[in-house]
Amino acid sequence: QVQLVESGGGLVQAGGSLRLSCAASGRTFSMYAMGWFRQAPGKEREFVAAVTWSGSGTSYADFARGRFTISRDNAKNTVYLQMNSLKPEDTAVYYCAQAGNAGLTRSLTAYDYWGQGTQVTVSS
């Protein structure tokens, strides 16, 4: 049984930073790509960033590129999302997800397992 547990969300002022963490258990972490998604109230869940099994390849949504950084530590079975220069429009529930393969993908349907989400609120 795969479990993904996010942490690090909270309330921050615009321009501030947060680092989200996602601890995984249940299958060999280093075999699978990982991703972060977010969902704002009344909106569909959207892709934020993804990282390959090794951490050597990354992909970002346009709104995240240059402000957010995804990384992973396979020794700790953890994936991170460093978010800088946060804006009020970044307010959402952020979810980590584990893909069914090792490569980069932005498609929600390619991810087998999801965390429960962590709330990020950016005040203006």
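The shortest side-chain heavy-atom distance between Tyr32 and Asp112 does not fall under the 4.5 Å cut-off. Using a 4.5 Å heavy-atom threshold, the side chains of Trp53 and Thr28 count as separate. Residues Arg38 and Val120 form no side-chain contact, since every pair of their non-hydrogen atoms from C-beta on lies 4.5 Å or further apart.
Between the side chain of Thr91 and the backbone N or O of Val122, at least one donor-acceptor pair lies under 3.5 Å. With hydrogens and angles ignored, the 3.5 Å screen pairs a side-chain donor or acceptor of Tyr60 with a backbone N or O of Ile70. Between the side chain of Arg45 and the main chain of Tyr95, no donor-acceptor pair closer than 3.5 Å is present. Checking side-chain atoms of Thr78 against main-chain N and O of Lys76 turns up a donor-acceptor pair under 3.5 Å. Remark: side-chain polar atoms of Arg106 are not paired, donor with acceptor, to backbone N or O of Gly35 under 3.5 angstrom.
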Just list the side-chain donor-acceptor pairs under 3.5 Å for residues 15-23, sequence neighbours left out, or say none.
unit_1: Ser17; atom_1: OG; unit_2: Asn84; atom_2: OD1; d: 2.9

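Ring orientation note: the planes of Phe37 and Phe47 are nearly perpendicular, at an angle over 60° on the 30°/60° scale.
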Checklist entry - Step by step, would you call Asp90 with Lys87 a salt bridge (charged side-chain N to carboxylate O under 4.0 Å, His left out)? => result CA-CA 5 Å; Asp90 293 319; Lys87 306 174 182 180; over 6 Å; no
Item to check | Evaluation steps, side chain to side chain donor-acceptor pair (under 3.5 Å), between Ser107 and Thr109 | outcome: CA-CA 5 Å; Ser107 172; Thr109 59; 2.8 Å; yes
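The line from OG of Ser85 to CZ of Phe68 is 9.0 Å long, rounded to the nearest 0.5 Å.
By the 6.0 Å contact criterion, CD on Gln39 is enclosed, its count of non-hydrogen atoms from other residues, nucleotides or ligands being greater than 12.
At least one cation-pi condition fails for Arg27 and Tyr113: the charged atom is not both under 6.0 angstrom from the six-membered ring centre and inside a 45 degree cone around its axis.
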